[in-house]
Amino acid sequence: MDYSHSEIEKKWQEHWRDIKLANCDVSLEKNNFYNLCMYPYPSGDLHMGHIRNYTIGDVITRYKQKQGFNVLSPMGWDSFGLPAENAAIKTGIHPKKFTEDRINNMRDQIQRLGSLYDWDKEVAAHDKNYYKWTQYLFIQLFNNDLAYKEDAPVNWCTSCNTVLANEQVIEGDCERCDSEVIKKNLNQWFLKISNYSEELLNGLDEIGDWPENVKSMQENWIGKSSGVQFNLKIDETELDFDVFTTRPDTLFGMTFAVISPEHDLMNEILSISSNSKEIKKYIDKAKSKSEFERMSITKEKTGVDTGLKVLNPINNKKVPLWVADYVLINYGTGAIMAVPGHDERDYEFAKKYNLEIVQVIIDKDHSIDIKEKPYIENGVLINSGDYDGLKSHTDGSESILKYLSDHNLGEKKVTYRLRDWLISRQRYWGCPIPLINCSKCGLVPESIQNLPVLLPEIDDYKNSEDSPLAKSEDFVTTECPNCGSEGKRETDTMDTFVDSSWYFLRYLDSQNEKSPFDQKIINSWLPIDQYIGGVEHAILHLLYSRFFVKALRDINLLNVDEPFHNLFSQGMINFGGSKMSKSKGNVVDPEAYFTTHGADALRLYILFMAPPSDGVEWNDGGIEGTKRFLNKFWDNMTKFSNLENNKTNDEDSLVRSMNQTIFSVTRHLEKFEFNTGVSDLMKANNEISSYLNKNTTVSKETKELVFSSMCNLLYPFSPHISSEIYDLYMNKDISTLDWPTYEESNLTNPTYELVVQINGKKKFTKVINTGTSQENAEEICKSEFNLNVSDFKKVIFVEDKIINFIG
RNA sequence: GCCCGGGUGGCGGAAUUGGUAGACGCGACGGACUUAAAAUCCGUUAUUCGAAAGGAUGUGGGGGUUCGAGUCCCCCCCCGGGCACCA
């Protein structure tokens, strides 16, 4: 029989609201647990990814509540961003109205899932009471030299008409719209995340429980590399430049040097090079190439000889200096020593342009042939003067480094791939950057009492090169807060990742009108005990937020090193082989399942279908199974409540089964193994079915045990039905019960099936008493299977498991 | 190329420290109930040989350690994700 889920779910959701089950008093200082699901972009409709995220989060919330924690579980909206603006361009609906309609719709849907959120603390990035403080924090960063404006070659999406962060360029294309990204020189705002490269990297070792893959993605992204930086002088000039290498041991193998076309020294080189016409042409060509073309590996390397020579600092050998765009301006020093004998890229280049190739490392068996391909492994130095015979990777490197540093030519150096975070966006629907260009004082932050700098009303959201905000004369023209003379406002808005880098701080004090947050509360509640969200945010959001918190710590706004202690990344839910998205038309709408199967069944299925960290293909059939389980559970409990009060012989095993289920579900919950937790409950339900098939009575104690354990254990997964059943038959609100505990003595079955092996192969099984000794087991094997210990060389006995006769 | 994951029935997936591989669910098949169907209930379901009893094979492939390997070690293949002309 189908139980009436719609009615029940509505009833309990109202009840939880009435008793304020989700409301958290953050002023308490004991037993706090901050459980956070990533706040969503308000796309308007909940998709299966959200359902998965918020179900996992709610399991944790309810489980931790039952363990006596004061759980904070807030929800809010990442509500700035492109879609609202694109919709405004298309339909004329104001982005604010558009966004808020969608938020309202989505909030309703989230509530139908039955998850507990403290809505009193709700935040929305686009709310002026929120972005006021985003601006405030930005000004603090600016005042502490952590925000700066600079001309820089930036990634420009030709379709979105805006700048993108490096992180938002995927294989040369825009992360959002897949259009081509080109390079452009623009004056842009940056946050100095690179100041924190080392700390962001080291923090990964000290952080709590994070998925390995996320840590490794962040490590890759930060891209630490240790080596040596040294100076190269251009022969017969006063010019010199630095190069960075991780292989100082190959210094004698340098047969040319390469400088990036964008290098600062290029103007001087052009003025003295005999080949300046060619170089100029080459530079212009490199500039016009897209980022992707430049980066493409398949592309053949190109370059131009400058005609100039540089001096190898260790032996004064003169080698040619080339310009080539395979050397990137924003890594290392933008120039390299080229060692074609021991570097693949230099090798390719040298082959193409017929440059000298010298071998300076030889392997143990002297078997390598540098004429075929470069040798990039370690070995022993040759052709390296006094250094011949040294091991390349240890003594060789160190000795050559010592020479360079002793002669003040170079030093040990660490470089990072991570670059500063570009946050300017030439878009309307974002947080305005609260800076003013004063004709006298230069760049000046808006005064704090004038915040927020409100988004102006404009008629036309379309942007060309300039941000749409530039269209509002009233907005742009203002007074300098310093000297009162005429100033012009910045017209760019911030990357929405700035909004999401601190929302979890605002939750704790979302109504505060005097400051972004209360430092005391933050320090007692952070780091967040459990953060849960999609693996797609492994780098961007998580790295930015970590940086933000460290920066705020250093300017004394809080005292926390890492925002997220434990992180859980759920896998993505796919449909028809690819990620669900509206544009692909492969969205499975959760809304329908609320009606047909109910929130409880949907929650249960999404937990049951796979380990939550795995990506998974959506499959309709499975949800029938979980609904079937809930129906059966309902029926079983109804029947069970009607059993007469009289103890039976089957009860002991039922009691054991309950204890085992408590033990197992608890263990699985602790390890985020929800799929197996659900299967434990299904198993237990089957036990109850078979008890009901055989018995018509049960003792009062066992009846109560079955109700309290089953409803309690099911409660985090499917809270409505478990609340209803417990209320119906035990007259109590299950949410008020503590998490159940098991009795150690009731976990073990009195008998087990002994596996009898001969030479490691299973031959027989026999049910015997738990705890049977080897001696007795051998006796049993003799009488049952005619196995005599004396006929075998050896007998291996593992208590309560196997006996193995070897002969 | 480098760095992380992962590979188990028709399918999703289970298997503390090495100890009965395939829990739980889906699907399929058979039966009960029904005029019939749906729903529900009961049973079967890794492959293969066999009428059966029973045997053999089996966790991507190949070696190894062990009384015993899905689990540990070495080599290889494939899939997913991240990074990638990073010097």
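Protein chains get the first letters and strands the later ones, always in sequence-line order, with residue 1 at the start of each. Since the model is a prediction, treat every value here as computed from it, not as a measurement.
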Looking only at B:G81, B:C85, B:U17, the nucleotide nearest the A:Met217 side chain is B:G81
Pairing check on B:G68: which nucleotide meets the Watson-Crick or G-U wobble criteria with it, both distances under 3.5 Å?
none
Compare every heavy atom of A:Pro248 with every heavy atom of A:Ser397, then report the nearest pair and how far apart it is.
OG-CG, 4.0 Å
Which one is paired to B:G9, where only Watson-Crick or G-U wobble pairs with both distances under 3.5 angstrom count?
none
In whole Å, I'd like the distance from the CD1 atom of A:Ile329 to the P atom of B:A87.
16 Å
Separation of A:Ile539 atom CD1 from B:G81 atom P, in whole Å?
14 Å
Atom CD of A:Gln660 and atom P of B:U16 are separated, to the nearest Å, by 15 Å
Whole-Å distance between B:C67 P and A:Asn804 CG?
10 Å
Between A:Gly615 and A:Thr415, the residue closer to the 5' end of RNA chain B by nearest nucleotide is A:Gly615
Answer for the Watson-Crick or wobble partner of B:C2, both distances under 3.5 Å, is B:G82
Base-pairing assignment for B:C33 (Watson-Crick or G-U wobble, both under 3.5 Å):
none
Interatomic distance at P, B:G81 relative to B:G13, whole Å:
16 Å
Between the protein and nucleotides 21-25 of chain B, list every N/O to N/O distance that falls short of 3.5 Å.
from: B:A23; atom 1: O2'; to: A:Lys683; atom 2: NZ; distance (Å): 2.9
from: B:G25; atom 1: OP1; to: A:Asn686; atom 2: ND2; distance (Å): 3.2

If I pick the C1' atom on B:G62 and the same atom on B:G5, what distance separates them, to the nearest angstrom?
23 Å
Donor-acceptor contact below 3.5 Å, side chain A:Ser664 vs main chain A:Gln660
no
Residues at least two apart in sequence or cross-chain that pass salt bridge (charged side-chain N to carboxylate O under 4.0 Å, His left out) with A:Glu212, listed by chain then number, are A:Lys215
For A:Gln774, all residues meeting side chain to side chain donor-acceptor pair (under 3.5 Å), sequence neighbours excluded:
A:Glu778
Taken in chain and number order and not counting sequence neighbours, the residues that satisfy ring pair (Phe, Tyr, Trp, His ring centres under 6.0 Å) with A:Phe252 are A:Tyr387
Can you name the closest pair of heavy atoms from A:Pro716 and A:Leu713 and give their distance?
CD-O, 3.2 Å
All N/O donor-acceptor pairs, side-chain side in residues 791-807 of chain A, below 3.5 Å, sequence neighbours left out:
from: A:Asp800; atom 1: OD1; to: A:Gly771; atom 2: N; distance (Å): 2.8
from: A:Asn804; atom 1: OD1; to: A:Gly760; atom 2: N; distance (Å): 3.0
from: A:Asn804; atom 1: ND2; to: A:Gln757; atom 2: OE1; distance (Å): 3.4

Go through the structure and list residues passing side chain to side chain contact (heavy atoms under 4.5 Å, CB included) with A:Asp240, not counting sequence neighbours.
A:Asn231, A:Lys233
Give the rounded distance in Å between these two atoms: CG of A:Asp343 and C1' of B:A87.
6 Å
From CE of A:Met609 across to P of B:A14 the rounded distance in Å is 13 Å
Report, as a single string ordered 5' to 3', how protein heavy atoms within less than 4.0 Å touch nucleotides 1-8 of chain B: B base, S sugar-phosphate only, - not at all.
--BS----
Separation of the C1' atoms in B:A52 and B:G61, to the nearest angstrom
37 Å
Protein-nucleotide distance (A:Leu232, atom CG; B:A87, atom C1'), rounded to Å
13 Å
Rounded P spacing from B:G25 to B:A46 in Å
15 Å
Distance between P atoms of B:C79 and B:G70 (Å, rounded):
25 Å
Atom pairs under 3.5 Å: protein N/O with N/O of nucleotides 56-58 of chain B:
from: B:U57; atom 1: OP2; to: A:Lys761; atom 2: NZ; distance (Å): 3.3

A:Thr666 meets the side chain to side chain contact (heavy atoms under 4.5 Å, CB included) criterion, sequence neighbours left out, with A:Tyr63, A:Ile662, A:Trp739
So, does A:Asn619 get its side chain near the phosphate of B:G27, meaning an N or O under 4.0 Å from OP1 or OP2?
no
Please report the distance separating the P of B:G27 from the corresponding atom of B:G82, rounded so that it comes out in whole Å.
34 Å
When you check the glycosidic angle of B:G9, does it come out syn, meaning within 90° of 0, or anti?
syn
Using a 4.0 Å heavy-atom cut-off across all strands, classify A:Pro211 as base, sugar-phosphate, or nothing.
nothing
Do other residues, nucleotides or ligands put more than 12 heavy atoms under 6.0 Å from A:Glu344 CD?
no
Using a 4.0 Å heavy-atom cut-off across all strands, classify A:Glu753 as base, sugar-phosphate, or nothing.
base
Of all residues at least two apart in sequence or in a different chain, which pass the salt bridge (charged side-chain N to carboxylate O under 4.0 Å, His left out) check with A:Arg546?
A:Glu562
Specify the separation, in whole Å, of atom CD1 of A:Ile802 and atom P of B:U66.
17 Å
Does the B:U16 base have a donor-acceptor partner in the side chain of A:Lys801 within less than 3.5 Å?
no
Given B:C83, B:C67, B:A87, which nucleotide is nearest the side-chain atoms of A:Phe244?
B:A87
Need the pair for B:A28. Rule: Watson-Crick or G-U wobble, both distances under 3.5 Å, any strand; none if unpaired.
B:U44
Provide the distance between the two P atoms, one in B:A51 and one in B:C74, to the nearest whole Å.
47 Å
Excluding sequence neighbours, so at least two apart, what forms side chain to side chain contact (heavy atoms under 4.5 Å, CB included) with A:Lys627?
A:Asp2, A:Tyr3, A:His5, A:His597, A:Ala601, A:Asn631
Using the test side chain to side chain contact (heavy atoms under 4.5 Å, CB included), find all partners of A:Ser613 that sit at least two apart in sequence or belong to another chain.
A:Phe568
Base, sugar-phosphate alone, or nothing: which one does A:Asp800 contact when heavy atoms must sit under 4.0 Å apart?
nothing
Using the C1' atoms only, state how far B:A84 lies from B:G1, rounded to an integer number of Å.
8 Å
A:Lys352 atom NZ: more than 12 heavy-atom contacts under 6.0 Å
yes
